Amino acid sequence: MGERTSCVVIGGGPAGMVLGLLLARAGVDVTVLEKHGDFLRDFRGDTVHPSTLRLLDELGLGERFARLPQSRVDEIAFPTSDGRQIVIADFRRLRTPHPYIAMVPQWDLLNLLAEAGAAEPTFTLRMRAEVTELLREDGRVRGVRYRGPDGETAELRAELVVACDGRWSIARAQADLPVREFPVPIDAWWFRLPRDPQDDPAGLTPRVGQNRFAVVIPREGYLQIAYIARKGSDAELRARGIEHFRRDVADLAPGFADRVDTIASMDDVKHLDVRLNRLDRWHVPGLLCLGDAAHAMSPIGGVGINLAVQDAVAAATLLAEPLRRGTVTEAELAAVRSRRLLPTILVQRLQQFLHQNLVVPILAGRRAGPPRPVLALLRRVPVVSHGPAYLIGVGFRPEHAPPFARQPAAPVNSDG
């Protein structure tokens with residue numbers, strides 16, 4: 001017959017782990033299934049925005065998070081032709097406890113959430129547990145079938161299954177939920193370079209060249225680089241080889257010319273197939289999709305991880321009581337989408353606007369940055385940079401931890 005729990009969460013990413021923790025603090029039996037044996041995967045969403053930092057405070061995890069190795073980004077700035085920079089988004093202007101973006105390896109954040117979850121008696125995290133199939137009875141999802149660490153297949157039945165398994169969600173596919181795809185003009189390639197003491201530790205700085213640009217993200221001990229070029233050019237880029245790629249990076253950012261040899265081969269350059277899409281319906285009876293499983297985001301603005309976390313908080317707030325009573329209706333599942341749909345649409349439309357009015361002109365060689373009127377306005381009225389900072393750092397509808405999930409800050413051992 002298999003095991004039973006109240007809620008199965010597929011995927012141990014930020015949305016899945018936050019949802020599992022919050023539901024467990026509400027007294028709901030919840031099991032998170034993560035297909036990998038650990039959280040150590042590079043070039044995942046590592047931007048933790050002010051809204052998520054405030055959420056961690058509300059959960060009593062802020063002090064522990066602050067002790068993680070991290071760098072802080074205070075602003076997003078574009079270089080200008082005269083060698084200066086124009087600040088597009090100044091996070092220091094935000095009236096929030098944490099007016100910056102924290103750059104933290106995602107595995108550190110997930111380990112922190114896993115430790116917090118382990119302190120809750122109704123929380124279970126199973127690693128190397130890969131979901132292979134949804135269980136259905138009488139027109140409703142009743143649980144999942146998964147492959148465990150020993151390769152054996154097991155069943156886990158539940159009142160609700162929540163898919164937090166990303167843009168290639170197996171649960172979404174098996175539920176036949178149609179996806180609305182939006183055109184995207186770019187792909188991204190991630191790699192890292194050593195960090196020198198003279199590198200700007202506090203800014204996200206684009207480097208612009210002909211038909212491509214790069215965004216330099218300061219990290220603890222190294223630089224993470226997002227190389228952006230036209231969509232569908234991965235095969236061409238790789239065919240040109242590592243020497244061509246190194247020269248291209250050095251041309252984009254001459255200050256890195258003495259470091260590009262650390263890119264050993266094209267295997268060190270990880271391709272991201274950028275998608276922008278959204279489900280019309282986020283649920284079927286017994287199944288709810290959240291985060292990238294419901295709406296894949298462009299990396300522009302780095303908001304995907306934080307939008308997914310906000311989804312998880314809204315879902316926990318709305319569904320904890322139905323799960324405690326043992327019955328979750330379709331109307332209650334639909335309420336999660338209703339609460340999160342507008343911010344999702346607004347973020348995606350903002351990303352589409354930036355694609356067409358910032359990214360495409362750069363890739364076409366028509367401009368090296370934002371339109372001149374925008375740059376002139378930012379020069380004359382720097383306070384305007386508060387608007388982009390708020391949209392990126394806080395968002396259209398930030399969620400707060402529900403009362404049942406809030407805790408005072410936990411004591412931190414002096415040895416970390």
Side-chain angles (χ1 to χ4, degrees), residues 1-39 59 107 109-137 140-166 169-172 174-175 283-294 308-309 311-313 315-328 332-333 336 402 404-405:
M1 184 66 180
E3 298 176 273
R4 184 164 188 85
T5 187
S6 295
C7 181
V8 172
V9 179
I10 306 174
M17 295 300 290
V18 167
L19 178 62
L21 173 61
L22 268 59
L23 289 178
R25 287 189 175 179
V28 175
D29 283 317
V30 57
T31 299
V32 180
L33 302 179
E34 166 56 44
K35 68 179 180 179
H36 296 97
D38 55 44
F39 298 122
L59 297 176
W107 56 79
L109 172 61
L110 296 177
N111 282 325
L112 173 62
L113 294 170
E115 291 170 6
E120 305 298 328
T122 59
F123 177 91
T124 301
L125 171 63
R126 295 185 182 177
M127 307 297 288
R128 296 180 62 194
E130 182 177 7
V131 172
T132 58
E133 188 179 353
L134 297 176
L135 299 177
R136 303 170 189 258
E137 291 176 3
R140 183 182 180 89
V141 174
R142 299 289 185 181
V144 298
R145 185 171 289 114
Y146 69 96
R147 186 182 301 110
D150 57 3
E152 296 294 321
T153 298
E155 292 184 358
L156 182 58
R157 295 179 175 271
E159 173 63 23
L160 177 64
V161 175
V162 183
C164 299
D165 50 342
S169 169
I170 184 173
R172 181 182 72 187
Q174 291 194 6
H283 80 280
V284 296
L287 172 72
L288 175 66
C289 295
L290 297 178
D292 277 3
V309 167
D311 285 357
V313 177
T317 301
L318 294 170
L319 300 179
E321 180 55 34
L323 284 166
R324 279 195 296 254
R325 72 169 183 253
T327 304
V328 180
E332 288 162 338
L333 294 179
V336 178
F404 60 74

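If you're wondering where the values come from, they're calculated on a predicted model, not measured in any experiment. The figures here come from the full heavy-atom set of this structure, side chains too, leaving out hydrogens, waters and symmetry mates.
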By the definition side-chain hydrogen bond (donor to acceptor under 3.5 Å, both in side chains), identify the one residue from Glu130, Lys35, Arg126 that meets it with Tyr146. Arg126

Close side-chain approach of Leu109 and Met17, heavy atoms under 4.5 Å: no

Identify the two heavy atoms, one from Ala316 and one from Phe404, that lie closest to each other, and give their separation to 0.1 Å. O-CZ, 3.6 Å

Which residue is it: Leu23, Thr122, Leu22? I am looking for the one with a side chain to side chain contact (heavy atoms under 4.5 Å, CB included) to Val28. Leu23

Using modelled atom types only, decide if a donor and an acceptor are shared between the side chain of Asp311 and the backbone of Ala15 within a distance under 3.5 Å. no

Residue list, salt bridge (charged side-chain N to carboxylate O under 4.0 Å, His left out) with Arg142, at least two apart or on another chain: none

What is the distance from atom CG of Asp29 to atom CZ of Phe123, rounded to the nearest 0.5 Å? 12.0 Å

Taking every heavy atom of Cys164 against every heavy atom of Val9, the minimum-distance pair comes out as SG-CG1, 4.0 Å

Supply the atom-to-atom distance Leu288 CG to His283 NE2, rounded to the nearest 0.5 angstrom. 8.5 Å

Partner residues of Arg25 under the salt bridge (charged side-chain N to carboxylate O under 4.0 Å, His left out) criterion, sequence neighbours left out: Glu120

What is the distance from atom CZ of Arg128 to atom CG of Asp38, rounded to the nearest 0.5 Å? 10.0 Å

What residues, two or more places apart in sequence or in another chain, satisfy salt bridge (charged side-chain N to carboxylate O under 4.0 Å, His left out) together with Arg145? Glu133, Glu155

Which atom names give the shortest non-hydrogen contact between Val309 and Pro14, and what distance separates them? CG2-CB, 3.9 Å

With a 4.5 Å limit on heavy-atom distance, are the side chains of Val162 and Ile10 in contact? no

Minimum heavy-atom distance between Glu34 and Gly11, given as atom pair plus value: OE1-C, 3.9 Å

Across all chains, not counting sequence neighbours, the salt bridge (charged side-chain N to carboxylate O under 4.0 Å, His left out) partners of Arg324 are Glu321

Could you tell me whether the side chain of Gln174 reaches within less than 4.5 Å of the side chain of Arg136, counting heavy atoms only? yes

Would you name the heavy atoms of Leu134 and Val161 that are closest together and state the gap between them? CD2-CG1, 4.4 Å

Should Ser6 and Val30 count as side-chain neighbours, where that means a heavy-atom distance under 4.5 Å? no

Is Thr317 reaching over with its side chain to a backbone N or O of Val313, donor-acceptor style, under 3.5 angstrom? yes

Interatomic spacing from CG in Leu19 to CG in Leu319 - rounded to 0.5 Å: 8.0 Å

What closest approach, in Å, do Val32 and Gly12 show between heavy atoms, and which atom pair accounts for it? CG1-CA, 4.0 Å

The side-chain hydrogen bond (donor to acceptor under 3.5 Å, both in side chains) partners of Arg4 (sequence neighbours excluded) come to none

With rounding to the nearest 0.5 angstrom, report the CG to CG distance, Leu287 to Leu160. 7.5 Å

Between NE2 of His36 and CG of Leu110, what distance do you get to the nearest 0.5 Å? 12.0 Å

Test of understanding: with side-chain hydrogen bond (donor to acceptor under 3.5 Å, both in side chains), list the residues that count as partners of Asp292, not counting sequence neighbours. none

Ignoring hydrogens and geometry, is there a side-chain-to-backbone donor-acceptor pair from Glu159 to Val328 under 3.5 Å? yes

